[in-house]
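Just so it is clear, the structure is predicted and the values come from calculations on it, not from any experiment. Chain naming here is simple, since letters A, B, ... match the order of the sequence lines and numbering starts at 1 in each.
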Amino acid sequence: MPLDLQQELNPEQYIAASTINGPLLIIAGAGSGKTRMIIFRIAHMLEQGIPQSSIIALTFTNKAAREMTARVRELTGKRLSNLTLSTFHAFGVQVLRSHIQHLGFKKNFSIYDQSDKISLLKEVARELNITADQVDFYETANIFSAIKTGRSGWTREIESLKPMYQEYQEHLQVYNAVDFDDLIMLPIKLLEEHPEVLEYYHSRFRYIMVDEFQDTSLAQYRMMKLLSAESRNICVVGDDDQSIYSWRGANYLNIVQFERDFPERIEIKLEQNYRSTRHILDAANGLISHNENRKTKKLWTGIEGGKALELYYPEDELREADFITEMIKTLVMREKYRYHDFGILVRTNSLTAVLENGLLAENIPYRVSGGQSFFQRKEIKDVIAYLKVIANPDDDMNLLRVINTPRRGIGKTTLQKIRSIAEEKKYSLYSTISALRWATDAPITAKAKENLEEFIGLVEYYRERILTGKKMAETTRSLINRIDYWAHLLQEHSTNDKVARWKYKNVGTFIDLFERWENDPDNLDPNIYTYLNRISLITRDDDDQDEKGKVNLMTIHASKGLEFEIVFLAGVEAHLIPHARSVEEDPNNLEEERRLFYVAITRAKQKLYMTSCLTRRVMREITESGPSPFLQEIPAELIEIHQPEEDLDPEEVADMFAAMKSKMGK
DNA sequence: CACTACACATGCACG
DNA sequence: ATGTGTAGTG
């Protein structure tokens with residue numbers, strides 16, 4: 001049955017979905033049916049006879065990519081093995097897998113995440129005799145990222161970090177490892193410096209789409225521009241008002257740049273909102289109109305009426321949690337809402353703990369997104385580190401992680417000696433150790449040498465088996481037994497074997513996941529490299545078990561793209577939103593903070609409750625808290641304000657104090 | 001020389 | 001709560 005685009009879409013969506021040639025800029029407001037339009041656009045292209053292999057659609061998260069693939073498959077009923085629908089980073093990995101040898105890396109390269117990166121920086125600092133109190137590694141990592149992606153250059157104040165940067169880059173090369181920024185920058189390098197690579201991608205991808213365009217970085221923009229240089233069939237979809245990732249390099253000015261680079265573009269605005277009531281939308285419009293750097297647009301909705309927004313002033317964060325849980329219970333009971341109809345949004349992750357406690361105390365089922373991802377857990381990272389060393393023995397960071405996990409009698413002194421040899425010869429640790437086996441004058445004790453040989457033997461034995469690509473999960477299980485990881489956990493948590501058991505269970509779950517992936521018939525290329533690349537790209541918001549029947553607790557950032565019948569926005573306070581640190585860093589961030597508030601409001605379909613605490617405990621200290629200045633930018637008639645109770649007599653204060661104390665005690 | 005226990009500081013806004 | 005650095009032990 002052919003698609004009837006005109007029937008399925010509104011007039012603007014229809015033009016957006018049916019215009020497939022030439023550059024196209026789509027400004028899609030919150031809740032305007034953007035994803036649906038994209039799905040139909042892809043389906044329409046396929047129906048027009050464009051081969052799957054010519055289409056590439058780039059998204060921001062794996063989750064979005066997965067959902068879109070599923071929906072296109074559903075709509076077209078086609079198998080989509082040749083359609084490229086992935087994140088920029090996953091596409092980058094794909095490019096590197098095929099062409100990285102041009103850049104002096106081997107195909108079995110490791111991908112370093114933020115924590116690997118920081119370990120490497122520490123290692124580099126050690127070698128340059130820089131101590132931890134001289135540099136902030138976290139900050140340095142961010143500076144290096146900005147340098148690498150071309151967001152900033154070497155200014156005088158950071159010039160002293162230059163040797164460290166060079167050393168960092170050299171180490172990556174020796175370890176045959178790339179960091180997250182390299183996943184974008186190295187493909188750009190390949191496209192720019194190797195004409196045959198550029199030609200290959202030009203002839204392959206004739207139709208390019210980019211979703212969440214407002215969140216693309218300068219580097220990603222360059223990549224996408226390179227890809228579309230020849231065909232000029234480039235469609236970008238975004239909303240400048242929802243650009244909230246500038247700290248990760250996102251630059252909504254790419255929208256302006258696009259208009260310059262593609263003057264022949266067609267521009268379409270999707271302004272009908274299908275999500276929220278008038279009240280909510282008017283509040284959002286009122287707020288965002290205070291931003292100066294934006295494309296003018298006016299969202300409208302056909303959903304009339306609705307209720308006013310409500311603002312409460314709880315005494316402190318414990319009362320805030322009480323208020324929210326009470327309200328949820330009441331609404332579930334009286335108005336037959338389900339738990340999954342509620343979203344509780346916060347500006348920072350640290351605010352979730354108290355709210356979580358409140359939900360727990362009231363037996364309200366909930367799920368938190370964010371926090372540590374499964375793959376970031378220590379015990380999982382240990383197993384992954386073994387696999388990474390097996391896949392790429394030159395990967396020093398992961399080798400250092402596993403060489404003494406569990407303890408095998410290879411201590412500081414021995415390692416220090418090997419490190420200095422490795423550094424001198426510009427070898428990886430693994431090759432240094434391997435070479436040491438034959439050396440008669442090795443400057444290490446016989447015992448240490450024996451231990452090292454045993455370790456190398458272990459890696460080699462498992463490497464051989466894993467690289468066959470058969471029964472990899474089973475082999476991993478055997479490895480975990482062989483090193484007696486269970487004993488290691490027990491010893492590490494000698495006071496609390498519950499923790500040890502829990503962690504061991506996680507390891508089991510990880511291997512089961514690996515096994516399922518390995519045996520998936522849709523998986524065309526089950527080998528250790530593709531698996532490691534895949535899990536390196538998984539981020540925290542990617543768990544797709546969208547559990548029904550649970551209240552959703554998350555940061556505003558994590559809520560982008562989601563919607564809830566009822567939204568609670570907690571901590572609507574002066575130093576939290578706009579976040580003090582953000583504005584302090586750069587006053588221009590104020591507009592981004594406002595966009596963040598805008599995103600929060602527009603998640604709500606029917607009702608928005610906001611809470612602003614009078615006092616809040618931040619790291620031991622109780623601080624006074626004022627309401628967020630953004631509240632005044634929402635038209636007053638849209639908000640119902642519940643003033644705090646004032647002039648408490650001393651007795652009441654004492655009672656409150658006691659109540660607070662007893663709460664904190666549990 | 002490896003390993004343990006203990007003191008001590010940090011907690012890194014958002015992925 | 002967590003990691004990191006250090007002094008003491010076998």
Side-chain angles (χ1 to χ4, degrees), chain A residues 60-64 87-89 113-115 117-119 122 125-126 131-133 135-143 145 180-181 212 215 217 242-250 345-353 369-373 375-378 381 401 403-417 443-452 488 491-496 499 536-543 554-561 571 573 575-586 589 592-593 595-597 599-600 617-621:
Chain A
F60 219 61
T61 63
N62 296 304
K63 194 178 171 190
T87 64
F88 273 98
H89 287 93
D113 65 15
Q114 183 76 2
S115 70
K117 191 171 172 177
I118 286 176
S119 314
K122 287 181 179 167
R126 270 169 44 107
T131 53
D133 48 313
V135 282
D136 176 339
F137 292 107
Y138 190 83
E139 198 193 336
T140 307
N142 288 333
I143 292 172
S145 176
F180 264 72
D181 297 318
E212 304 284 9
D215 286 331
S217 64
Q242 292 187 68
S243 171
I244 55 175
Y245 282 96
S246 70
W247 49 277
R248 224 168 55 179
L345 309 186
V346 289
R347 171 68 239 265
T348 69
N349 236 320
S350 58
L351 303 188
T352 56
S369 39
Q372 232 191 5
S373 121
F375 296 91
Q376 307 275 78
R377 288 180 190 163
K378 195 166 170 289
K381 287 211 81 167
R401 186 183 183 108
I403 199 162
N404 251 340
T405 310
R407 306 249 109 98
R408 44 171 78 80
I410 302 170
K412 265 209 298 272
T413 323
T414 307
L415 273 176
Q416 193 43 55
K417 281 178 188 148
I444 51 173
T445 62
K447 183 77 194 142
K449 196 171 167 187
E450 196 179 306
N451 292 334
L452 284 169
H488 168 73
Q491 181 231 312
E492 208 165 41
H493 303 277
S494 44
T495 49
N496 192 346
V499 177
S536 296
L537 297 178
I538 291 175
T539 53
R540 21 188 114 176
D541 59 359
D542 276 331
D543 57 87
M554 63 186 76
T555 63
I556 302 173
H557 282 91
S559 76
K560 201 173 73 162
E573 290 151 42
H575 58 290
L576 286 172
I577 185 160
H579 200 279
R581 230 161 121 168
S582 157
V583 185
E584 192 186 315
E585 188 179 280
D586 182 355
N589 285 340
E592 174 143 325
E593 295 289 318
R595 290 194 289 269
L596 213 37
F597 202 145
V599 168
R617 228 180 70 156
V618 190
M619 294 222 253
R620 299 255 157 93
E621 270 166 64

Below 4.0 angstrom from OP1 or OP2 of [N], is there any side-chain N or O of [X]?
X        : N      : value
A:Gln114 : B:dC12 : no
A:Thr555 : B:dG15 : yes
A:Thr413 : B:dA2  : yes
A:Arg407 : B:dT4  : yes
A:Asn349 : B:dG11 : no
A:Ser350 : B:dG11 : no

| task | Have a look at A:Glu492 and say if it touches a base, only the backbone sugar-phosphate, or nothing, with a 4.0 Å heavy-atom cut-off. | result |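 If one applies the 4.0 Å heavy-atom cut-off, A:Glu492 turns out to touch nothing in the nucleic acid.
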
| task | Look at all strands and tell whether A:Ser582 reaches a base, only sugar-phosphate, or nothing, counting heavy atoms closer than 4.0 Å. | result |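 Base: the residue A:Ser582, judged by heavy atoms under 4.0 Å, touches a nucleobase.
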
Applying salt bridge (charged side-chain N to carboxylate O under 4.0 Å, His left out), name anything that partners [X], two or more places apart in sequence or on another chain.
X        : result
A:Lys117 : A:Asp181
A:Glu212 : A:Lys34, A:Lys560
A:Lys378 : A:Glu492

Which whole-number value in Å describes the distance from [X] [atom1] to [N] [atom2]?
X        : N      : atom1 : atom2 : answer
A:Lys63  : B:dG15 : NZ    : P     : 13 Å
A:Arg347 : B:dC12 : CZ    : P     : 14 Å
A:Asn404 : B:dC1  : CG    : P     : 15 Å
A:Leu351 : B:dC12 : CG    : P     : 12 Å
A:Ile403 : B:dC3  : CD1   : C1'   : 16 Å
A:Asn451 : B:dC1  : CG    : C1'   : 11 Å
A:Glu139 : B:dT10 : CD    : C1'   : 16 Å
A:His579 : B:dC12 : NE2   : C1'   : 11 Å

| Between A:Phe180 and A:Leu537, is any pair of side-chain heavy atoms under 4.5 Å apart? | yes

| Tell me, do A:Val346 and A:Leu576 make a side-chain contact under 4.5 Å, heavy atoms counted? |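 They are not in side-chain contact.
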
| In B/S/- notation, 5' to 3', how is nucleotides 2-10 of chain C contacted by protein heavy atoms closer than 4.0 Å? | -SS------

| Should the pair A:His557 and A:Tyr245 be assigned to parallel (<30°), tilted (30 to 60°) or perpendicular (>60°) ring geometry? | perpendicular

| field | 5' priority, DNA chain B, between A:Thr348 and A:Ile410 [closest heavy atom] | value | A:Ile410

| field | First of A:Gly409 and A:Leu596 reached from the 5' end of DNA chain B, by closest nucleotide | value |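 Final value for this comparison: A:Gly409.
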
| Results of side-chain hydrogen bond (donor to acceptor under 3.5 Å, both in side chains) for A:Asp113 - residues two or more places apart only | A:Ser115, A:Lys381

| query | Any side-chain hydrogen bond (donor to acceptor under 3.5 Å, both in side chains) pairs touching residues 405-417 of chain A, not counting sequence neighbours? | reply |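 Qualifying pairs, neighbours excluded: A:Arg126-A:Gln416, A:Tyr386-A:Arg408.
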
